[in-house]
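Okay, structure first, notes after.
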Amino acid sequence: MAKSDIHPTWYPEAKVFCDGKEIMTVGSTKPELHVDVWSGNHPFYTGTQKIIDTEGRVERFMRKYGMADTSAATTEDKTADNA
C-alpha cells in the first residue's frame with residue numbers, strides 16, 4: 001500500500017510577486033512566490049541588456065579571438081611615427 005499524507009499541499013492558484021506587485025498565478029507547493037527576476041524585467045527579454053565591462057574583459061576577449069577593430073590602432077600608430 002502507498003503511504004498517505006506524504007505529498008505536500010498543492011496550490012493551483014499560487015501568486016507570484018516581483019517588487020511587491022502580483023505578476024501571475026501558477027501551480028506550486030507554496031501559496032505565494034516572491035521572485036527578483038522574471039521574463040518581464042529580465043534584460044535578455046526586455047532588450048535592455050548592457051555589457052558591464054570590468055577590467056577590460058570585453059576588449060581582451062575581442063583581441064584574443066580576433067574580433068577587435070584594429071584599424072583605429074594602426075592609424076594611431078602611423079600618426080605617432082610621423083610626428
query: Of all residues at least two apart in sequence or in a different chain, which pass the side-chain hydrogen bond (donor to acceptor under 3.5 Å, both in side chains) check with His42?
result: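 If we apply the side-chain hydrogen bond (donor to acceptor under 3.5 Å, both in side chains) test to His42, skipping adjacent residues, there are no hits.
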- prompt: Looking at Pro12 and Trp10, what are the two nearest heavy atoms and their distance?
  reply: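 The pair with the smallest heavy-atom distance is CD-O, 3.4 Å.
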Could you pull out every donor-acceptor pair under 3.5 Å between side chains of residues 23-38 and any protein atom, sequence neighbours left out?
residue: Ser28; atom: OG; partner: Lys30; partner atom: N; Å: 3.1
residue: Glu32; atom: OE1; partner: His34; partner atom: NE2; Å: 3.4

query: Counting heavy atoms not belonging to Phe17, are there more than 12 under 6.0 Å from its CZ?
result: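 Buried by this count: over 12 neighbours within 6.0 Å.
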